[in-house]
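All values below were derived from every heavy atom in this structure, side-chain atoms included, with hydrogens, water molecules and symmetry-related copies excluded. Not measured: the values here are computed from a predicted model. Residue numbering restarts at 1 for every chain, and letters A, B, ... go by the order of the sequence lines.
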2 protein chains.
Amino acid sequence: MHLTTKGKYAVTALLDLALNETNDFVPISDLAGRQSIPGPYLEQLFRYLRKADILISHRGPRGGYKLSRPRNEIKIGQIISAVEDRMDATQCSGEGNCSAGSKCLAHNLWTDLNYQVQSFLMDKSLEDVLKNATYKDVNKKQKNYKLLIATG
Amino acid sequence: MHLTTKGKYAVTALLDLALNETNDFVPISDLAGRQSIPGPYLEQLFRYLRKADILISHRGPRGGYKLSRPRNEIKIGQIISAVEDRMDATQCSGEGNCSAGSKCLAHNLWTDLNYQVQSFLMDKSLEDVLKNATYKDVNKKQKNYKLLIATG
DNA sequence: TATATTCCTGACTAGATTTGTCAAGAATAG
DNA sequence: CTATTCTTGACAAATCTAGTCAGGAATATA
């Protein structure tokens with residue numbers, strides 16, 4: 001399971017796009033500049049998002065990108081799915097042959113972890129994140145869980 | 001956020017150790033053999049687990065490793081925390097300076113994702129996983145979420 | 001005491017992956 | 001026409017993972 005800057009950059013850029021939503025196309029240089037993302041790198045990521053029908057592009061002056069549908073219909077999970085290719089936590093890509101042809105002792109654990117992460121990401125749209133609404137209550141409990149995160 | 005084979009090997013090896021729980025020490029070669037994990041690599045991982053007081057070791061003939069406490073008191077999250085060092089999903093290691101000194105648009109999203117993953121892993125002990133009990137109901141819903149996981 | 005067993009430590013390496021860069025080309029608004 | 005912007009493909013450096021290896025220290029057993 002690997003969430004890289006690819007996924008993080010993509011989500012951030014699309015949040016920016018959703019925030020500054022108009023009918024105009026927004027050039028990549030604007031997004032990259034505002035969000036401190038290397039332009040050519042973001043360009044590369046936007047290829048995947050266009051292929052996944054999340055973005056619409058237009059060339060030439062006044063060209064750029066815009067969201068293919070309303071921001072409440074684009075899920076964070078869809079964005080990440082479009083740019084990341086190693087989000088699966090199982091050792092066997094879900095095939096159940098992780099230990100000498102059959103399931104390893106931890107197989108179901110990783111499958112369930114997959115489900116946790118996926119449902120979290122698929123339940124949230126760009127709009128949800130901008131509103132910071134649907135998951136605000138979760139925030140308050142965070143003090144109980146510091147062990148996994150480096151605090152230095 | 002990166003869950004590597006380090007974390008997966010460590011959890012699998014400790015599940016094996018919990019499964020074959022006796023008062024004896026179990027040599028690494030036994031665990032590595034049974035779980036198809038490269039021995040010297042597992043040895044490397046066990047250093048971290050000993051430092052984290054999850055394992056007790058003993059040298060010499062009839063030596064090996066055993067769990068430092070009952071298997072229901074060792075959480076999966078503790079194991080992963082001991083061997084993985086990049087489980088944080090935020091771009092800024094939680095410092096909130098991910099975008100020109102302040103929080104990027106996605107900061108709270110990644111913080112909440114951290115919480116989801118941590119609470120999932122910290123809620124499960126070795127015993128829970130072996131019993132396959134505490135999270136079985138979650139399994140049944142999985143068909144709805146396939147988008148993130150490569151199906152090929 | 002001798003010996004085989006097992007952990008302990010540190011260094012090293014090959015390969016994969018990420019994180020970018022770059023150049024040339026195509027479309028298009030004005 | 002021309003400047004702007006996306007499009008595509010190739011390339012490269014840095015980092016990280018996954019695993020190896022050698023030498024040493026402790027200890028149970030005979």
Side-chain angles (χ1 to χ4, degrees), chain A residues 1-13 17 23-33 35-52 54-68 80 83-89 91 93 98 150, chain B residues 1-13 17 23-33 35-52 54-68 80 83-89 91 93 98 150:
Chain A
M1 171 168 289
H2 201 173
L3 177 61
T4 69
T5 60
K6 282 205 288 259
K8 300 179 203 170
Y9 282 165
V11 168
T12 301
L17 211 44
N23 273 337
D24 294 340
F25 290 95
V26 179
I28 272 204
S29 54
D30 285 19
L31 297 167
Q35 301 303 328
S36 307
I37 300 172
Y41 193 41
L42 189 57
E43 209 163 327
Q44 204 180 112
L45 302 179
F46 271 24
R47 299 180 200 179
Y48 296 106
L49 296 172
R50 204 171 56 87
K51 272 186 193 166
I54 293 170
L55 286 178
I56 295 173
S57 64
H58 190 72
R59 292 202 261 200
R62 307 203 52 185
Y65 292 90
K66 66 176 169 184
L67 301 178
S68 70
I80 290 177
V83 299
E84 300 280 5
D85 45 347
R86 301 204 312 171
M87 283 299 287
D88 184 7
Q91 195 74 346
S93 303
C98 18
Chain B
M1 172 167 290
H2 201 174
L3 177 61
T4 70
T5 60
K6 282 204 288 258
K8 299 178 203 170
Y9 282 165
V11 168
T12 299
L17 210 45
N23 273 338
D24 294 340
F25 290 94
V26 179
I28 273 203
S29 53
D30 284 19
L31 297 166
Q35 302 303 328
S36 307
I37 300 172
Y41 192 42
L42 189 57
E43 207 163 329
Q44 205 180 109
L45 301 178
F46 271 24
R47 298 181 200 178
Y48 296 107
L49 297 171
R50 204 173 54 88
K51 275 188 191 164
I54 292 170
L55 287 177
I56 296 173
S57 64
H58 190 71
R59 293 202 261 200
R62 307 201 52 183
Y65 291 91
K66 65 176 168 184
L67 301 177
S68 69
I80 291 179
V83 299
E84 299 281 3
D85 44 347
R86 301 202 313 172
M87 283 299 287
D88 183 8
Q91 195 74 344
S93 303
C98 17

**Asked** Quick one: does A:Gln44 reach the base of C:dT21 with a side-chain donor-acceptor pair under 3.5 Å?
**Response** yes

**Message:** Quick check for you: among C:dT19, C:dA11, D:dT17, whose closest atom lies nearest to any side-chain atom of B:Arg86?
**Reply:** D:dT17

**Message:** Using side-chain heavy atoms (C-beta onward) and a distance below 4.5 Å, is B:Leu55 in contact with B:Leu17?
**Reply:** yes

**Prompt:** D:dC16 C1' sits how many Å from B:Tyr41 OH, rounded?
**Reply:** 10 Å

**Complete:** Winner on side-chain proximity to B:Arg62, out of D:dT17, D:dA28, D:dC6, is D:dA28

**Request:** Report yes if the side chains of B:Tyr41 and B:Lys6 come closer than 4.5 Å at any heavy-atom pair, otherwise no.
**Result:** yes

**Distance test, side-chain N/O of A:Thr4 to OP1/OP2 of C:dT17, below 4.0 Å** = no

**Nearest-Å distance for atom pair CZ/C1', residues B:Phe46 and D:dA18** = 16 Å

**Item:** Proximal nucleotide (of C:dT19, C:dT21, D:dT27) relative to the A:Pro40 side chain
**Value:** C:dT21

**Prompt:** If you check every side-chain atom of B:Pro27, which of C:dT6, C:dA11, D:dA28 has the closest atom?
**Reply:** C:dT6

**Asked** Under 4.0 Å: is that the gap between some side-chain N or O of B:Ser57 and OP1 or OP2 of C:dC7?
**Response** no

**Prompt:** Are B:His58 and C:dT5 close enough that a side-chain N or O sits under 4.0 Å from OP1 or OP2?
**Reply:** no

**Request:** Starting at atom NZ of B:Lys6, determine the distance to atom C1' of D:dG19, rounded to an integer number of angstrom.
**Result:** 11 Å

**Message:** Pick the closest DNA chain C nucleotide for B:Val26 and for A:Gly39 by heavy atoms, then say which residue is nearer the 5' end.
**Reply:** B:Val26

**Request:** Could you tell me whether A:Tyr65 contacts a base, only the sugar-phosphate backbone, or nothing, with contacts defined as non-hydrogen atoms closer than 4.0 Å?
**Result:** sugar-phosphate

**Prompt:** How close or far is atom P of D:dA18 from atom NE2 of A:His2, stated in whole angstroms?
**Reply:** 10 Å

**Prompt:** Does OP1 or OP2 of C:dG20 have a side-chain N or O of A:Tyr9 closer than 4.0 Å?
**Reply:** yes

**Request:** Calculate the interatomic distance between A:Leu49 atom CG and D:dC6 atom C1'; express it in whole Å.
**Result:** 14 Å

**Asked** Is there a donor-acceptor contact under 3.5 Å from the side chain of B:Lys66 to the main chain of B:Ser57?
**Response** no

**Item:** Check: B:Glu84 and B:Thr4 side chains under 4.5 Å, non-hydrogen atoms
**Value:** yes

**Message:** If you only use heavy atoms from C-beta on, which nucleotide in C:dT21, C:dT9, C:dC7 is closest to the side chain of B:Ile28?
**Reply:** C:dC7

**Request:** Check every atom of D:dA10, D:dG19, C:dC8 against the side chain of B:Pro38 and return the nucleotide holding the closest atom.
**Result:** D:dG19

**Check: B:Glu43 side chain, C:dC8 base, donor-acceptor under 3.5 Å** = yes

**Message:** Is B:Arg50 close enough to C:dT9 that one of its side-chain N or O atoms is under 4.0 Å from OP1 or OP2 there?
**Reply:** yes

**Asked** Using the benzene-type ring in the case of Trp, are the ring centres of A:Tyr65 and A:Phe25 under 6.0 Å apart?
**Response** no

**Request:** Rounded to the nearest angstrom, tell me the gap between atom CG in A:Asp30 and atom C1' in D:dT4.
**Result:** 12 Å

**Message:** Whole angstroms only, please: what is the CG-C1' distance between B:Leu45 and D:dT20?
**Reply:** 14 Å

**Prompt:** With respect to the side chain of A:Arg59, which nucleotide from C:dA29, D:dC6, C:dC7 is positioned closest?
**Reply:** D:dC6

**Item:** Atom-to-atom span, CD1 of B:Ile37 to C1' of D:dT17 - whole angstrom
**Value:** 16 Å

**Prompt:** With a 3.5 Å cut-off and no angle check, do the side chains of B:Gln91 and A:Thr5 form a donor-acceptor pair?
**Reply:** no

**Nucleotide nearest B:Arg47 (side chain, heavy atoms from C-beta), chosen from C:dC22, C:dG10, D:dA28** = C:dG10

**Complete:** Per atom distances to the A:Pro61 side chain, the nearest of C:dC7, D:dT5, C:dA29 is C:dA29

